[in-house]
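This report concerns only the one structure given below.
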Amino acid sequence: RFVAAIAAVFIGQFLLSTELTIDVVIVGAVAFVTAHLLRDRSDRHRLRRLFAEVLAGGLVAAVVVSPYIWWALVKAHLPPTNADSYPLDPLNLVIPTEITLLGGHAFTSISSHFPQSYRFPAGITEDVGYIGVALLAAFGAFVCTRWRARSTKLLAVVGMIAFVLALGSHLTIYGHHIGPAPWRLVSSLPVFKNLLPARFMLFVDLVLAVGIALWLSTSRGRLPWMIAVIGVLMTFPAIQDSWWNSTPSQPRFITAGIVHRVIPAGSTVLTLPYGVYGDGQLWQAEAGFT
């Protein structure tokens, strides 16, 4: 049952995003290696069995999605992604950007120097490093109070490695390249050259969520919960800004059905501005074009 379930998870993740599927495999491999190094004799059998079952589920998923894999590797001819354009600025861990409600506009003099804030086409939505001092403090308290547990060491190591991967090919602080980072070793290799390093912060967030949850489950008093709640509030989005909400334009050409009298059925349609830079995809969907 577990093999079938993990295969379904891999298939679903692959169909949602091929890039994040590769990220999952990379971080998953890091987690297994770290767990193997931290294991004791009683864990060896369980760890090997878990690895074998996850691998079996992955192979089943690979067979199911093999036509897509073949197309991506052989036919798609994807251009390499410039990893240098998508690094994580470590300052973003504690400095919010404009998409965050609390402090987002107060630190624009700093956040405007984050790579994604001024480089096309990533945009500010790729500045994904913000965690905030409260949640970092909560995770730090978890590590300090439960360091003897192997699960704590596992989370800390995996989170740190994911963070280092997110730095990209160069350590970039305040818009300046300080020096090379580990991702540079693989950034030109097949598959790896199509990944955006900053998105490894998703796994840092996952590690922090698990660690803080474990810390809260064994903590006494109100202070830990207050820190966690403050941490969540510090990451609340600025939903009043156009980043999170907008009113799309609805031209009568679309709403009144005039489009169907002008454009024949089965036509290939390109709407401008394209993609996220306009409302064309909405018009395309409402008009029934593919």
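Position 1 is the first residue of the sequence; numbering continues from there.
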Validation row: V262, F253 side chains within 4.5 angstrom (heavy atoms): yes

R39, CZ atom: more than 12 neighbouring heavy atoms under 6.0 Å: yes

Does any non-hydrogen side-chain atom of W283 lie less than 4.5 Å from one of S249? yes

Scan for ring pair (Phe, Tyr, Trp, His ring centres under 6.0 Å) pairs involving residues 199-226, sequence neighbours excluded, and state none if there are none. W183-F200

Side chains of L206 and L202 in contact at under 4.5 Å (non-hydrogen atoms): no

For the CZ atom on R44, are there more than 12 heavy atoms of other groups (residues, nucleotides or ligands in this structure) within a distance under 6.0 Å? yes

Side-chain donor-acceptor pairs under 3.5 Å in residues 148-157, sequence neighbours left out?
| unit_1 | atom_1 | unit_2 | atom_2 | d |
| --- | --- | --- | --- | --- |
| R150 | NH1 | D40 | OD2 | 3.3 |
| R150 | NH2 | D40 | OD2 | 3.2 |
| R150 | NH2 | D43 | OD2 | 2.8 |
| T152 | OG1 | R146 | O | 2.6 |
| K153 | NZ | W147 | O | 2.7 |
| K153 | NZ | R148 | O | 3.4 |

May I ask you to test the F51-L47 pair for a side-chain heavy-atom distance under 4.5 Å? no

When rounded to the nearest 0.5 Å, the distance separating CD1 of I6 from CG of L55 is 11.5 Å

To the nearest 0.5 angstrom, please state how far the CD1 atom of I95 sits from the OG atom of S109. 8.5 Å

Distance from Y130 atom OH to F114 atom CZ, nearest 0.5 Å? 10.5 Å

Taking side chain as C-beta onward, heavy atoms only, is I26 less than 4.5 Å from L195? yes

Tell me every residue that passes side chain to side chain contact (heavy atoms under 4.5 Å, CB included) with V133, counting only those two or more places apart in sequence or in another chain. V94, M234

Separation between CG (L136) and CD1 (I227), nearest 0.5 Å, reads 12.0 Å

Under 3.5 Å, is there a donor-acceptor pair between the side chain of E19 and the main chain of L196? yes

